[in-house]
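Remember, predicted model here, so these are calculated numbers, not experimental data.
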Amino acid sequence: MDDTQVWAAVDRRRSDIADYLEALPPDDWDRPSLCDAWTIREVAAHLTLAGLPRRRLAAPALRHPGGTNRLIRDTAVALAGRMTDQQIVGALRDMVGLHRPFPGLTCREALVDAVRHTQDITLPLGREIPVPTAEITAAADHVVSYGGRGNARVFRALPTGAVRLTATDADWASGEGPEVDGTMRDLFLLLTGRTVHLNRLGGPGAAALRERIAA
């Protein structure tokens, strides 16, 4: 995907998430997401952060000093506490067509964020949003490009370095070692520190990988 295609994918994710949230029963907004200690509401509010005017993006860093993950968590909680459900949905809709990455990041981080948080807010509720495999693949490629460093620090680190991840529904593979296979989505969940679909992974290296993660 080139940058234009990536932004088009980000727009689709934002629009689909807004539609999903608009139809969500009020009680479901405060259920746990796949993000540790984050509710569905907090993840949804976090997705609106990149739509804030640039002059307002410096304020959260000053109010919430600390590491990157602490800053992300605290700003999500703060936004969720002052926005209504309708305001969150409206903010996401307003971001469709806003092709401006968060300072210091690129359109590809926006895609990674949108794809992974789609899973974070839908899988726990059992009502999923279909995401095209090509979009997940592009997001996975960018996560792999971090090499476990830099922006990868926002993900829970899982011991995937000693296996070869191979998609069963796309022409995609990454790594060296015993093969672990699964759908592109399930491999992307693994790459971004989510263990919810570990039991769906197969291949010669899957059992050992599960044991290392559980250790």
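Partners of D141 by salt bridge (Lys or Arg N to Asp or Glu O under 4.0 Å), not counting sequence neighbours: none found. In this structure, the side chain to side chain contact (heavy atoms under 4.5 Å, CB included) partners of R210, at least two apart in sequence or on a different chain, are L198, L201, A206. Residues meeting the salt bridge (Lys or Arg N to Asp or Glu O under 4.0 Å) test with R31, sequence neighbours left out: D28. Qualifying side chain to side chain contact (heavy atoms under 4.5 Å, CB included) partners for A173, counting only residues two or more places apart in sequence or in other chains: R164, T166. Every residue two or more places apart in sequence or in another chain that forms a side chain to side chain contact (heavy atoms under 4.5 Å, CB included) with D3 is listed here: C107, R108. In this structure, the side chain to side chain contact (heavy atoms under 4.5 Å, CB included) partners of T4, at least two apart in sequence or on a different chain, are D2. T106 meets the side chain to side chain donor-acceptor pair (under 3.5 Å) test with E109; sequence neighbours excluded. The ring pair (Phe, Tyr, Trp, His ring centres under 6.0 Å) test applied to W172 returns no partner, not counting sequence neighbours.
If you chain together hydrophobic residues whose side chains sit under 4.5 Å apart, I40 and V89 fall into the same group. The hydrophobic cluster containing V115 also contains L125, counting ILVMFWY residues as joined when their side-chain heavy atoms lie under 4.5 angstrom apart, directly or transitively. At a threshold of 4.5 Å between side-chain heavy atoms, the hydrophobic network of Ile, Leu, Val, Met, Phe, Trp and Tyr places V180 and V196 in two separate groups. Cluster membership check: L105 shares its hydrophobic cluster with M1, using side-chain heavy-atom separations under 4.5 Å among Ile, Leu, Val, Met, Phe, Trp and Tyr. Under the 4.5 Å side-chain heavy-atom criterion for grouping Ile, Leu, Val, Met, Phe, Trp and Tyr, V143 is not connected to L34 through any hydrophobic cluster.
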Fill in: R212/V163 under side chain to side chain contact (heavy atoms under 4.5 Å, CB included): CA gap, chis, key distance, verdict
CA-CA 12 Å; R212 288 198 299 273; V163 297; 3.4 Å; yes
Worksheet entry | Candidate pair R194 and C35, rule side chain to side chain contact (heavy atoms under 4.5 Å, CB included), full reasoning | CA-CA 8 Å; R194 276 70 173 159; C35 294; 3.4 Å; yes
Practice prompt. Go through the steps to decide whether R93 and D19 satisfy the test side chain to side chain contact (heavy atoms under 4.5 Å, CB included), and finish with yes or no.
Written response: CA-CA 9 Å; R93 293 204 189 285; D19 289 345; 2.8 Å; yes
When the side chains of residues 129-137 are checked against the rest of the protein, which donor-acceptor pairs come out under 3.5 Å, sequence neighbours left out?
unit_1 : atom_1 : unit_2 : atom_2 : d
E135   : OE1    : R13    : NE     : 2.7
E135   : OE1    : R13    : NH2    : 3.3
E135   : OE2    : R12    : NE     : 2.7
E135   : OE2    : R12    : NH2    : 2.9
T137   : OG1    : T133   : O      : 2.9

Only distances under 3.5 Å count here; give the side-chain donor-acceptor pairs of residues 42-50 to other protein atoms, sequence neighbours excluded, each with its distance to 0.1 Å.
unit_1 : atom_1 : unit_2 : atom_2 : d
E42    : OE1    : T39    : N      : 2.9
E42    : OE1    : R73    : NH1    : 2.8
H46    : NE2    : D113   : OD2    : 3.2
T48    : OG1    : A45    : O      : 2.6

Side chains of residues 184-193: which donor-acceptor pairs under 3.5 Å do they make with residues two or more places apart or in other chains?
unit_1 : atom_1 : unit_2 : atom_2 : d
R185   : NH1    : E128   : OE1    : 2.5
R185   : NH2    : E128   : OE1    : 3.4
D186   : OD1    : H197   : ND1    : 2.5
D186   : OD2    : T183   : OG1    : 3.3
T192   : OG1    : F188   : O      : 2.9
T192   : OG1    : L189   : O      : 3.3

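Q87 places a side-chain N or O within donor-acceptor distance of the main-chain N or O of T84, the cut-off being under 3.5 Å. Counting only distance, with no hydrogens or angles, the side chain of T118 and the backbone of A114 share a donor-acceptor pair below 3.5 Å. Listed for the R14 side chain is no donor-acceptor partner under 3.5 Å among the backbone atoms of V96.
Within the structure, the ring-ring contact (aromatic ring centres under 6.0 Å, His included) test picks out the following pairs touching residues 5-33 (sequence neighbours left out): W7-H99.
Here CZ of R200 is found 14.0 Å from CG of D181. Values are rounded to the nearest 0.5 Å. The distance from atom CD1 of I17 to atom CD of E22, rounded to the nearest 0.5 Å, is 13.5 Å. Distance CD/Q86 to CG/L21: 11.0 Å, rounded to 0.5 Å.
Atom CG of N199 sits in a crowded spot, with more than 12 heavy atoms from other residues, nucleotides or ligands closer than 6.0 Å.
In this structure the side chain of I213 reaches within 4.5 angstrom of the side chain of T195, judged on heavy atoms.
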